[in-house]
Amino acid sequence: MTTFADLGLSQKVNSAVADAGYTVPTPIQAGAIPPALQRRDILGIAQTGTGKTASFVLPMLTLLETGRARARMPRTLILEPTRELAAQVAENFEKYGKNHRLNIALLIGGVSFDEQDRKLERGADVLICTPGRLLDHCERGKLLMTGVEILVIDEADRMLDMGFIPDIERIAKLIPFTRQTLFFSATMPPEIQKLADRFLQNPVRIEVAPPSSTAKTVTQRLIASNGKDYEKRAVLRDLIKAQDDLGYLKNAIIFCNRKKDVADLFRSLERHGFSAGALHGDMDQRSRTTMLHNFKEGNLQLLVASDVAARGLDIPDVSHVFNFDVPIHAEDYVHRIGRTGRAGRSGRSFTIVTRHDTKYLDAIEKLIGEKIEWQDGDLTALPAESEGSDNGRDRRGKGRGRERDRDRKRDRQPAPAVTEAVTAPANEDNGEEVVAAEARSTSVKAERKTERKSRDEARPSRQNAPANDDHRERRRYRDHDDGPTPVGFGDDIPAFMLIVANAKS
DNA sequence: AAAAAAC
């Protein structure tokens, strides 16, 4: 059997891999690492979850051992479609590069330029970027791309979906022709093939089977619901409680199709006393980072997310995926449920289906080539909807305030006082702002510390994400649900909370 | 019917 030791990686890399507990490479790793070490171009066709990231990180670390970075001239460049994925790749470099002394710079949007700039000035061996921020740095003249030896284009098909290809082409033009290019995509539609032909020279092609399109380790079920959001939320809560009572629920990602619904559902779950976080692209980057971090650490049991979290995020041991909405694109279903049942573990997925979703459900079942079982009866078993059909436009219009009231009346669970105070003034117009504020409220202690620090340190960075003792603080704060006064702030209550609390009483 | 990404 092939082991990592057979692949030609350096001693430093092999020892970091062994420390991480790995001995046997995955097929994409076994296929890509040897030719990558020989400076060949690579065309890797692989989904996330196949060990793809290590298949470029490990050979890059080995190749980077000779030579040094010069100021503003990065030696390697990795392009990722989302900020979270970029951060995850950076973590991989830290983990497997622990025996190296490499400068790794993460260039993503939503955070301060200054620190990124300082890293560039020092000379970066590895640059991990989302396209927009990289181009921004280039346009400011802060970056010279003529020294790039290795270019990695990751998740190319997703880059295409997101309209990043023109940016990628602009970036590639700045990099010498003599570079080595590693190109990864989960699928190879004609546009991607054309792109690969332009970017790659005589590549080694490695294609690995998707881990059986929908992982066999995931038990999938459908739940019928009427179309009203408040009904779906009640169905979801019952489902979560039932899975928890059975002892199955460790943690869950709950997917919504829209950012606004992520915000609404998150608020609702918090109001009902669940331990929940939110993640979508309109949240400020600090909240995004904090939420993901807290979910990974187990400080939040539920993560309500948009499809920003559907692909590639590596959160080991997620027990459940709930689809609050049926995804519009069938492939997204596969990506979403792929967040659970990872690394051979078992996982469960539940998808809430309404009468409006049947054609999307059909497309999903066609794509995965099987019928998904209903948990308790299909749509025909539902009582008729009370107020006629509910389409999306209706839901967003005038009927909405009434629904909100009814939703509240349905369940009399007391909500934590602080959360209630913060969420009370939610309305159509400031929904997203409230989410940002809530994201803060769940980590007030942590953020107070970093804010204090940041007065001296220009702007806070990812590295300033809350440390472990802060989580314990927050949990105590979250579980405290008696008394109308915000508790846990000392005499340092943020102004926005005081306003809200006073307005309420 | 959406989401993602630069300021």
Side-chain angles (χ1 to χ4, degrees), chain A residues 48 78-88 106-114 116-117 127-143 153-171 186 227-229 232 253-265 278-285 288-289 292 304-313 323-336 339 352-364 389-397 400 431-432 435 459:
Chain A
T48 47
I78 299 164
L79 295 170
E80 295 288 336
T82 69
R83 297 170 185 174
E84 277 74 16
L85 279 179
Q88 194 168 286
L106 179 63
L107 304 190
I108 60 175
V111 294
S112 139
F113 267 93
D114 298 348
Q116 295 177 357
D117 201 42
L127 216 54
I128 305 156
C129 317
T130 46
R133 181 55 71 96
L134 174 66
L135 284 170
D136 207 341
H137 277 284
C138 288
E139 279 157 16
R140 290 171 189 223
K142 301 289 193 180
L143 211 42
I153 298 166
D154 198 13
E155 304 262 331
D157 51 352
R158 195 172 179 203
M159 299 264 204
L160 178 77
D161 284 349
M162 292 169 65
F164 280 162
I165 299 304
D167 286 349
I168 305 288
E169 306 229 26
R170 278 174 65 202
I171 293 163
K228 302 269 200 289
D229 274 2
K232 290 171 77 175
I253 304 181
I254 304 166
F255 285 102
C256 301
N257 286 357
R258 300 176 203 80
K259 289 179 279 199
K260 181 154 199 343
D261 291 336
V262 170
D264 290 349
L265 180 58
L279 184 66
H280 67 70
D282 279 355
M283 288 164 55
D284 67 83
Q285 189 56 38
R288 282 169 69 164
T289 307
L292 188 58
V304 188
S306 69
D307 280 315
V308 69
R311 301 196 197 194
L313 281 196
N323 287 311
F324 185 75
D325 299 308
V326 178
I328 293 163
H329 292 302
E331 322 86 73
D332 286 335
Y333 176 83
V334 180
H335 290 296
R336 287 179 181 186
R339 295 312 99 208
I352 299 176
V353 182
T354 73
R355 292 191 173 84
H356 315 293
D357 300 323
T358 46
K359 72 173 171 196
Y360 300 118
L361 177 61
D362 291 345
I364 289 167
S389 81
D390 179 355
N391 56 40
R393 202 168 300 284
D394 241 61
R395 207 166 58 217
R396 286 199 160 42
R400 209 161 157 279
E432 316 259 271
V435 170
R459 272 192 64 175

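Chain A is the first sequence line, chain B the second, and so forth, proteins listed ahead of strands; every chain is numbered from 1. Just so we're clear, the structure is a prediction, and the values are computed from it rather than from any experiment.
- Straight-line distance from the CD atom of Glu155(A) to the C1' atom of dA5(B): 15 Å, rounded to whole Å.
- In this structure, Thr130(A) contributes its side chain and Gly132(A) its backbone to no donor-acceptor pair below 3.5 Å.
- Comparing atom distances between the Ile328(A) side chain and each of dA2(B), dA4(B), dA6(B) picks out dA2(B) as nearest.
- Proximity of a side-chain donor or acceptor of Lys232(A) to a complementary backbone N or O of Phe324(A) within less than 3.5 Å is detected.
- Atom CG of Leu279(A) is separated from atom C1' of dA4(B) by 12 Å (rounded to the nearest Å).
- Comparing dA4(B), dA6(B), dA2(B) by their nearest atom to the side chain of Asp136(A) picks out dA6(B).
- Judged by distance alone, with hydrogens and angles left aside, the side-chain atoms of His280(A) form a donor-acceptor pair with the main-chain N or O of Asp282(A) at under 3.5 Å.
- Both tests do not hold together for Arg339(A) against Phe255(A): distance to the six-membered ring centre under 6.0 Å, angle to the ring axis within 45°.
- When the P atom of dA5(B) is taken as reference, atom CD1 of Ile108(A) falls 9 Å away, rounded to whole Å.
- Residue contacts shown for Asp307(A) are absent, as no nucleic acid heavy atom lies under 4.0 Å away.
- Using a distance-only test at 3.5 Å, with no hydrogens or angles considered, a donor-acceptor pair links the side chain of Asp325(A) to the main chain of Asn257(A).
- Look at CZ on Phe255(A): it is 18 Å from P on dA2(B), rounded to the nearest Å.
- Here dA2(B) presents its C1' atom at 10 Å from OH of Tyr360(A), a figure rounded to the nearest Å.
- Atom pair Phe324(A):CZ and dA1(B):P shows a separation of 19 Å (rounding to whole Å applied).
- Side chain of Ser306(A), nearest nucleotide from dA4(B), dA5(B), dA1(B): dA4(B).
- When distances run from any side-chain atom of Lys259(A) to the nucleotides dA4(B), dA6(B), dA1(B), the shortest one goes to dA4(B).
- Within the nucleic acid shown, Arg83(A) comes within 4.0 Å of sugar-phosphate atoms alone, with no base atom in reach, counting heavy atoms only.
- Note: NE2 (His137(A)) to P (dA6(B)) measures 10 Å, nearest angstrom.
- Within 4.0 Å (heavy atoms only), Arg288(A) reaches sugar-phosphate atoms of the nucleic acid but no base atom.
- Remark: P of dA1(B) and CD1 of Ile352(A) are 22 Å apart, rounded to the nearest angstrom.
- One can find a donor-acceptor pair under 3.5 Å joining the base of dA2(B) and the side-chain atoms of His329(A).
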